[in-house]
Amino acid sequence: MDYDQNLYLTFLEKMYLIRRFEQKVYEFAERGLVFGSTHLEVGEEATAVGTLLNIKRSDYMIATHRGHGQELLKGTDVNAMMAEMIGKATGICGGRVGSMHVTDASVNNLGAQGIIGASFPISVGVGLALNLLGQKDKILISFFGDGATNQGNFYESLNMADIWKVPVFFVCVNNLYGMGTAYCSTCNIEIYKKATFFNIKSDYCDGNDVAAVYNKSKEIIDYVRTKRLPALLELKTYRTIGHSAFDKHPYRTKEEIEDWKKKDPIKRTEDILLKNGTPKEKIDKLKKRIDTTVDDAAAFAAQSPYPVYDDSLEQ
Amino acid sequence: MDYDQNLYLTFLEKMYLIRRFEQKVYEFAERGLVFGSTHLEVGEEATAVGTLLNIKRSDYMIATHRGHGQELLKGTDVNAMMAEMIGKATGICGGRVGSMHVTDASVNNLGAQGIIGASFPISVGVGLALNLLGQKDKILISFFGDGATNQGNFYESLNMADIWKVPVFFVCVNNLYGMGTAYCSTCNIEIYKKATFFNIKSDYCDGNDVAAVYNKSKEIIDYVRTKRLPALLELKTYRTIGHSAFDKHPYRTKEEIEDWKKKDPIKRTEDILLKNGTPKEKIDKLKKRIDTTVDDAAAFAAQSPYPVYDDSLEQ
Amino acid sequence: MREITYSEALREAIRSAMAKDDKVIMIGEEIGQGYAGVFGVSKGLYDEFGPKRIIDTPIAENSIMGAAIGASLLGFKPIVEVMFADFIAVCFDGILNQAAKVRFMSNGQYSLNLVVRLPGGEGSGTGPHHSQCLESLFMAIPGLKIANPSNPYDAKGLMSSAIYANDPVLFFEHKKLYKTKGDVPQEDYAIPFGKAGIARAGKDITIVAHSYMVSVALAAADELYEKHNIDAEVIDPKTLVPLDMQTIAESVKKTSRLAVVEETYLRAGVGSEIGSIVSERYMDWLDCPIKKIASRNVPIPMPASLVGEVIPDKKRVVKEIREMF
Amino acid sequence: MREITYSEALREAIRSAMAKDDKVIMIGEEIGQGYAGVFGVSKGLYDEFGPKRIIDTPIAENSIMGAAIGASLLGFKPIVEVMFADFIAVCFDGILNQAAKVRFMSNGQYSLNLVVRLPGGEGSGTGPHHSQCLESLFMAIPGLKIANPSNPYDAKGLMSSAIYANDPVLFFEHKKLYKTKGDVPQEDYAIPFGKAGIARAGKDITIVAHSYMVSVALAAADELYEKHNIDAEVIDPKTLVPLDMQTIAESVKKTSRLAVVEETYLRAGVGSEIGSIVSERYMDWLDCPIKKIASRNVPIPMPASLVGEVIPDKKRVVKEIREMF
Ligand SMILES: Cc1ncc(C[n+]2csc(CCOP(=O)(O)OP(=O)(O)O)c2C)c(N)n1
Ligand SMILES: Cc1ncc(C[n+]2csc(CCOP(=O)(O)OP(=O)(O)O)c2C)c(N)n1
Ligand SMILES: [Mg+2]
Ligand SMILES: [Mg+2]
């Protein structure tokens, strides 16, 4: 693919949005305003951006517990996202469920599960429904982590995806760990290979190279969309922060973390832009704009009221 | 392997025992004496016999819902087996649970599950325990059907078996159907291949050829026992009767059934014995002896009392 | 009126909904080409609606439930057949953590039309893995509705409602009822959730029973009336969630006595819930302590000699109720 | 006496059993090399006992439960940590259909020593998938025991008993209790199952509460006493199965009033069970209707503004109990 400045500026804008958004979430968490735990994806932003820039608003999505980027990229309003993070009534789910469980029907985001592995069978069901509807265009993009692929559900659902031929794009964000457990200590098989067992088109790429993710996804999404068949893409990446906001991640070495920080997808993209002649001022301006968007969202969230209990919630 | 008349006579004796035992169970069922449903394995007898003749009494076993042969071959007393079939107090489980759930601790039969797929994780646990005990000899033989291999548990447990290196011999009795559903309509992968995905030694053979089953099992059991590693064997066979006693099996063609009846493992073994010079009278005598054993067991069962409820059962 | 079986009544409701609304589909093991349902409920539907509407699956309960949840999120109205209610344990996460919580967690952005058919109860020796009555467990999970028809008429009417309930419905059927017959109108009708029925009017004691136990309670009531001069009112809640406490209360007000008869277990059973509500709200109306007549806390055995002691039967109901007078 | 936390008390019981009996093992996610348990319970145990006794697993709850059941069949005494109680749904079949039924189905040939540790309850916004109190569901499953320590002393003593209970024990812990401190003897001791404790003696009303709600009930009792002249007796059952109805009954006999406070749901909750038993057997002793004070039937929300309305707090307990006088 030829170098396209505008595309790289979009990569940068979107990844920077996620980074800034999560920095704000972290600040809120430090101030004790985030209920429960929140899972940030610092270092992994290229995975959401590279894939979802190829996905239409009318496509469906199932995100993960580490899904802020996925949810923002699918198109959810930044203000409503931010308000949800701190449990405000103006949040996209009325503030009921917070960071881990964002659903946004207006952009066909079907909801993230706090139960690792639960999304696989549901994804098959969504694919089945698309088939039954005779859909020739819409697909589902279904995200999950490396750790999730050890749940029996994963394999079972891949088999179902194969025999029912569902138009589902399975995207594994492989950040090498599930909490404190290295994937390689839990399974001897590379993740993308697991799908090939089930005759499902499967591939992998550097998840910190946003252009690579973008190009690979474009190709696979095209396959899923036109062939109406499942496919899987494994994105190798790394979270340079802890599993949840205040996890000190002692299970990883400093060196490993520092190594990966050097591969930061945002930094890499900026470098490419600069190298290709984009003026630094242009980049600064773009960032400034995002900063304002996020600051405004934070202000909006902070000023919003908490939800009020009402008896109609009883079931 | 050289032809060994005694071995073939043993094959015949054991397979004929299972066949006669199940004919009696069917008779009891016709008379309304079997509670619930019972799953017969007419046509599949070579799978239990060929494998379990290589298994020691001190080894552990997990049988299936179609497990009469497995349970008899592991060494459970025929009288106690028969009494269990019709829910008598002298049954191996006090008559409480009947045909589908035979447990016999005295021969390390850990119990059969009525829930398809439930045995896989338990098998891994038994293997784990054998490892923790530092066992250098005992292994677990764990039976299951083709249909069961579509449960997520199956794959999950194979992965665990691989990473924990458990001494478990997984034996798939592939009779081509799970109830009325052909395996080939539920999965595009051959079963023995599924284990190879997980780097587990795996093989298959004609499940109606008792000598083949015997020889292949011998080799694999030796591997599991000495290497202390998991392995899988797929035995291709067929039940020439219905799924449960009174199932009219309309989901299969007459031709298919008749074809398989020609491959009956008992008939095949008898033919080999006769061809190799064993006198027919010897075979008849052997059968007669089994007939008496089974008739006696049936009489014992019929005469035994039903269990009596007592409050100590409350939990 | 025309008599049909409980199985046929269920099928009629499903068939009619499928004919009118192509979003209604069935998903399960052996429901189409294999057995047409182990209890024959979907007989003929595969031929009529084909493999896109009557969806056979591998033995993979998690995928069955996931398929239903996913399809429901996209506007379908799936009817899942879990072959035996006991197998719901395999896909319990789909029930507890996904289906039941979709409406709440999405802040009402999504809600599910999703019927989970659960053939439960003991049926002549089906044993510990194929006999359980699990409805009391599920009462404790907010976000689910629970239907439990006791006869063909209710089976058809409750199914018609369940398909459009706009919340997941656990539809508990009973093995011993499938072949029972009763009057069922040909035309469509819906029985509302949360409205109990009076299966037998009486003045001396209120017996609440659901599913198969309604017929046991009715048989006991006959004997109590004929032999012991006790005139029992038998209430059939029809749905355990929502539960029509008003009808139960009105009956208790009249009779001053309450017994709950159930095949679910004694501990934390339906009787515990109903009994405790009555003692919370209507204690003054009671002339004697309530009585819970339920399965003893034992896994369901196979032989009749044990089953008869574990699960309530007419004899036990009569005996226990006589003790209340 | 020495004060330690609830987490430390649990660890002390486990550590001591592991040191004395090499059949005692732990199995779970992140219990060894990763987090040493998300709530730190197994801290240091991996270093002391190594990977053969503190067994880390992939994210695969079915295999965790299966590993424990299988090992237990061969004589081990596994202690499973299910990271959050909510995740038991993933391996529910292992609980309902295997573990709970082994003793019965094998006719006593096998019985399981198997402790399933279940960190439950709401903890400052843990939300719908990480906050549930599910103990009432499991009360309805014969073959399981249920322990629910409310303080460090009980945590240690009940754990010591649970490891040798000879039946599967669901050991419900509570997120809000892990860091609470209390007096705990250094030496080993076991608290028997089925023996309730009197957390506060009183004469005017019996409040039954378990797990974290004991402290809420105690705080409410203090306020009731100081501000409203109501002297409440607080009973902590310690184990819900077996349940010590005798201690509860003796208290009710004395106070003539009963309230049950719980974080489990109102519908089919612990209060339903206890309330119904009291009205069955001890109705005459009651001066007023029983009261069930429980979580409202809503999935557990994240923000405090909603949680405070769903789960009982001191204010609600005081208010509801005052209404009983
Ligand atoms: C069924 C279940 N088991 C365990 C957990 C606890 N848990 C939350 S996130 C997580 C790690 C998931 O790892 P992975 O899938 O690689 O995603 P990542 O967090 O690395 O993005 C675990 C174990 C859970 N939420 N659900
Ligand atoms: C979890 C679960 N789902 C469904 C069933 C119903 N069922 C009993 S046997 C059976 C078929 C099993 O097929 P297979 O594993 O091939 O064994 P086979 O009966 O052919 O010997 C099914 C679906 C069950 N018992 N448990
Ligand atoms: Mg990961
Ligand atoms: Mg089969």
Side-chain angles (χ1 to χ4, degrees), chain B residues 60 62 84 89 91-98 100-106 108-135 138 140 142 151-161 163-164 166 168 307 312-315, chain D residues 22-25 27 49-53 55-78 80 90-112 114 139 141-145 166-168 241-242:
Chain B
Y60 291 90
I62 293 181
E84 188 63 35
I92 188 67
C93 296
R96 289 181 182 180
V97 289
M100 217 191 314
H101 308 288
V102 170
T103 302
D104 183 356
S106 74
N108 284 350
N109 168 1
L110 297 166
Q113 300 294 338
I115 308 295
I116 299 297
S119 63
F120 297 120
I122 299 177
S123 299
V124 171
V126 173
L128 173 73
L130 289 171
N131 285 348
L132 295 178
L133 288 168
Q135 257 296 330
K138 290 182 193 173
L140 169 70
S142 178
Q151 289 281 26
N153 266 348
F154 174 63
Y155 304 97
E156 180 179 308
S157 293
L158 286 183
N159 181 52
M160 298 299 292
I163 65 167
W164 283 352
V166 295
V168 176
S312 73
L313 289 180
E314 289 206 41
Q315 292 185 299
Chain D
D22 61 14
K23 291 285 164 57
V24 181
I25 57 177
I27 308 178
F49 297 105
K52 287 196 161 185
R53 309 275 307 280
I55 302 170
D56 277 318
T57 72
I59 307 171
E61 281 76 11
N62 274 308
S63 293
I64 294 171
M65 199 54 64
I69 294 170
S72 182
L73 283 168
L74 262 67
F76 284 87
K77 301 175 187 78
V80 163
V90 179
C91 52
F92 186 67
D93 188 54
I95 302 285
L96 175 73
N97 286 325
Q98 284 88 57
K101 295 183 172 44
V102 161
R103 173 198 289 285
F104 174 82
M105 289 179 65
S106 72
N107 197 18
Q109 296 178 83
Y110 291 103
S111 59
L112 302 183
L114 168 54
M139 291 174 72
I141 302 176
L144 302 174
K145 290 181 172 140
N166 214 19
D167 265 323
V241 180

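Sequence lines set the chain letters: A, B, ... in the order given, protein chains first and strands last, and positions in each chain run from 1.
In terms of non-hydrogen atom pairs under 4.5 Å with chain D, the most contact-rich of B/Val124, B/Leu130, B/Asn153 is B/Asn153. When each of D/Pro242, D/Cys91, D/Gly94, D/Pro142 is checked for heavy-atom pairs under 4.5 Å with chain B, D/Pro142 comes out on top. Counting heavy-atom pairs closer than 4.5 Å to chain D, the top-ranked of the candidates B/Leu313, B/Leu133, B/Leu128, B/Asn159 is B/Leu133. The choice from D/Met65, D/Gln109, D/Lys101 that makes the most heavy-atom pairs within less than 4.5 Å of chain B is D/Gln109.
Residue B/Phe120: no heavy atom, backbone or side chain, is found under 4.5 Å from chain D. At a 4.5 Å heavy-atom cutoff, the contact between D/Ile27 and chain B is made by side-chain atoms alone. For D/Lys23, the part sitting under 4.5 Å from any heavy atom of chain B is the side chain, from C-beta outward, and nothing else. For chain B, the nearby parts of D/Asn97 are the backbone and the side chain; heavy atoms of each come within less than 4.5 Å. When heavy atoms are compared at a cutoff of 4.5 Å, D/Ile55 approaches chain B solely by way of its side chain, counted from C-beta outward. Residue B/Val126 touches chain D through both its backbone and its side chain, counting heavy-atom pairs closer than 4.5 Å.
Between the CG atom of B/Leu132 and the CZ atom of D/Arg53 there is a distance of 9.0 Å, given to the nearest 0.5 Å. Atom CG of D/Leu73 sits about 5.5 Å away from atom CG of B/Leu110, to the nearest 0.5 Å. Distance check, rounded to the nearest 0.5 Å: CE of D/Met105 to SG of B/Cys93 gives 8.0 Å. Remark: B/Gln315 CD to D/Leu144 CG distance equals 8.5 Å, nearest 0.5 Å. Here the straight-line distance linking atom CG of D/Leu74 with atom CD of B/Gln135 works out to 9.0 Å at 0.5 Å rounding. Put simply, CD on D/Gln98 and CD1 on B/Ile115 are 6.5 Å apart, with the number rounded to the nearest 0.5 Å.
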Steps toward side chain to side chain contact (heavy atoms under 4.5 Å, CB included) verdict (D/Val102, B/Thr103): CA-CA 10 Å; D/Val102 161; B/Thr103 302; over 6 Å; no
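Annotation for B/Trp164 and D/Asp56: closest pair CZ2-O, 4.0 Å, computed over non-hydrogen atoms.
By the 4.5 Å heavy-atom criterion applied to side chains, B/Pro121 and D/Ile69 are not counted as neighbours.
Of the possible polar contacts, none joining the B/Arg96 side chain to the D/Ser106 backbone as a donor-acceptor pair under 3.5 Å is found.
For D/Ser63 and B/Glu156, the side-chain atoms include at least one donor-acceptor pair closer than 3.5 Å.
Under the side chain to side chain contact (heavy atoms under 4.5 Å, CB included) criterion, D/Ala71 pairs with B/Ala129, D/Ile25, D/Phe76, D/Pro78, not counting sequence neighbours. Residues satisfying the side chain to side chain donor-acceptor pair (under 3.5 Å) test with D/Arg103, not counting sequence neighbours, are D/Asp167.
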